[in-house]
Amino acid sequence: MNYSALSAAWICWAIVGLSPIMGKYAAGLISPAVLVFLGTLLGVLYFTPWIHKHHKWGELFAPQTRWQFLFIGTFGTALPFTVFLIALHYTTPGNAAILQQSELIYSLLFAAIFLHERPSRGQLGGSALVILGVLIILLKEQYTPRWTGDLLIVGSTWMLQAGSTVAKKLPKQLDYHVIGMARNVFALPALLVILGVMYVLREPFLFKPTATAFAVLGYTGLFKYGLAMVVWYKAIRALDLSKVTAIYLSYPVLSLLLSAALGLDKITPHQVLGLVITCAGAYWVSLTVQKEGH
């Protein structure tokens with residue numbers, strides 16, 4: 001696929017911005033764990049031709065990285081994406097996109113604890129804005145049905161950062177195609193455990209074979225779990241990181257506007273205020289990290 005680095009950044013922005021929308025459409029059609037499981041299988045198929053062509057199977061299952069890959073697959077894909085889809089049964093795509101910015105708070109916390117990176121004043125200030133934006137959403141939705149979904153999202157984004165923290169310790173020579181494949185392959189054990197628990201508890205394995213269900217599945221496996229990783233790395237390797245980050249962090253705007261256009265969200269003043277504050281805080285944090293060369 002031939003596209004510029006700037007186009008790659010915008011493709012990634014669109015894929016991520018569509019995630020809450022697609023997740024909402026999956027509600028009632030596909031069980032969350034079933035969607036993530038089938039999506040990871042499609043993700044494996046997406047990366048398989050490249051892995052096979054470049055003879056990377058040995059790197060994928062190397063003893064020195066297999067436990068790291070298992071952690072990343074479990075906490076970077078299987079668990080957070082399943083919880084995210086469950087949350088969308090309760091909350092709106094707009095709220096979900098805004099609240100996912102809370103991941104940056106865990107990013108600073110984990111970096112300080114496990115990577116011994118002391119946060120700067122700029123990082124702390126940006127994090128304070130993110131917290132403020134998240135609180136605006138949470139307090140407005142307090143004790144409403146949406147609140148359950150909102151709390152699930154805020155309470156699960158730490159998993160993504162846990163996976164990212166471990167990923168930073170991976171060998172530098174690993175190609176991002178290998179990492180992308182590993183996130184899918186090594187997510188499968190945790191997903192099989194989740195499906196097994198569902199079977200024991202007699203939870204339904206829902207999959208209604210409609211055009212919408214197949215569209216959501218195709219997006220999840222081929223775009224979100226496949227192409228998004230490829231275009232993200234293409235963009236950040238060729239462009240200034242702050243420029244790519246500025247594009248990427250604005251994805252909740254797409255999620256909220258598209259959700260409203262499709263009748264899934266009714267934009268409210270507190271959503272707009274929370275969106276502006278969290279995006280500003282997220283960009284401040286990323287810009288500070290870029291300037292400090294982290």
Side-chain angles (χ1 to χ4, degrees), residues 1-9 11-13 15-16 39-81 103-104 106-108 110-118 158-191 221-245 247-248 285-286 289-294:
M1 187 178 294
N2 187 20
Y3 41 74
S4 68
L6 185 60
S7 297
I11 291 170
C12 185
W13 172 83
I15 293 173
V16 176
T40 55
L41 292 179
L42 281 180
V44 169
L45 292 177
Y46 179 92
F47 284 106
T48 292
W50 189 95
I51 297 292
H52 185 72
K53 179 180 178 180
H54 293 85
H55 310 287
K56 296 292 185 178
W57 293 107
E59 291 185 15
L60 184 65
F61 296 104
Q64 60 268 32
T65 55
R66 65 174 58 151
W67 293 110
Q68 290 169 288
F69 283 157
L70 182 62
F71 187 95
I72 295 166
T74 301
F75 291 96
T77 296
L79 296 181
F81 291 165
E103 182 182 345
L104 282 170
Y106 297 115
S107 174
L108 292 183
F110 287 175
I113 296 174
F114 299 108
L115 303 178
H116 307 294
E117 297 177 0
R118 185 176 180 179
W158 69 268
M159 299 180 193
L160 294 168
Q161 271 308 309
S164 296
T165 301
V166 172
K168 288 183 180 181
K169 298 294 187 180
L170 289 171
K172 299 296 183 182
Q173 72 272 16
L174 280 179
D175 190 279
Y176 57 87
H177 289 83
V178 176
I179 299 173
M181 179 66 143
R183 282 189 63 171
N184 287 292
V185 169
F186 287 88
L188 293 174
L191 289 167
L222 301 178
F223 289 92
K224 185 177 180 182
Y225 298 174
L227 180 61
M229 179 164 290
V230 175
V231 294
W232 168 254
Y233 280 101
K234 180 179 178 68
I236 64 175
R237 286 185 175 187
L239 298 174
D240 183 82
L241 182 59
S242 63
K243 181 183 294 184
V244 180
T245 303
I247 294 173
Y248 176 80
V285 170
S286 65
V289 173
Q290 167 71 4
K291 287 180 178 178
E292 295 176 354
H294 287 235

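As a basis for the values below, the full set of heavy atoms in this structure was taken, side chains included, without hydrogen atoms, waters or symmetry mates.
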Nearest 0.5 Å, please: how far is [atom2] in [Y] from [atom1] in [X]?
X      : Y      : atom1 : atom2 : value
Thr77  : Tyr225 : OG1   : OH    : 6.5 Å
Leu170 : Gln68  : CG    : CD    : 5.0 Å
Leu6   : Ile11  : CG    : CD1   : 10.0 Å
Asp175 : Trp50  : CG    : CH2   : 3.5 Å
Leu222 : Leu45  : CG    : CG    : 8.0 Å
Thr48  : Met181 : OG1   : CE    : 3.5 Å

Could you report the tightest heavy-atom contact between [X] and [Y], atom names first, then the distance?
X      : Y      : value
Val231 : Cys12  : CG2-CB, 3.6 Å
Lys224 : Ala228 : O-CB, 3.6 Å
Ala187 : Thr40  : CB-CG2, 4.2 Å
Pro189 : Leu70  : CG-CD1, 4.1 Å
Asn184 : Gly39  : OD1-O, 4.4 Å
Val178 : Leu60  : O-CD1, 3.9 Å

Would Ile113 and Thr165 count as a side-chain contact (heavy atoms from CB on, under 4.5 Å) here? Give the steps. CA-CA 10 Å; Ile113 296 174; Thr165 301; over 6 Å; no

Could you tell me if the side chain of His54 sits less than 4.5 Å from the side chain of His177, heavy atoms only?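 His177 vs His54: side chains apart.
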
Within-4.5 Å side-chain heavy-atom neighbours: Phe81 and Leu160: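 Phe81 reaches Leu160 side chain to side chain.
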
Test log, rule side-chain contact (heavy atoms from CB on, under 4.5 Å), inputs Phe69 and Phe61: CA-CA 9 Å; Phe69 283 157; Phe61 296 104; over 6 Å; no

Set out, in order, the CA-CA distance, both residues' side-chain angles and the distance that settles side-chain contact (heavy atoms from CB on, under 4.5 Å) for Tyr46 and Val230, then state yes or no. CA-CA 11 Å; Tyr46 179 92; Val230 175; 4.1 Å; yes

Go through it in stages, so that I can follow the logic: the residues are Ile51 and Trp57, the test is side-chain contact (heavy atoms from CB on, under 4.5 Å), and I'd like the CA-CA distance, side-chain angles, deciding distance and then a yes or no. CA-CA 6 Å; Ile51 297 292; Trp57 293 107; 3.7 Å; yes

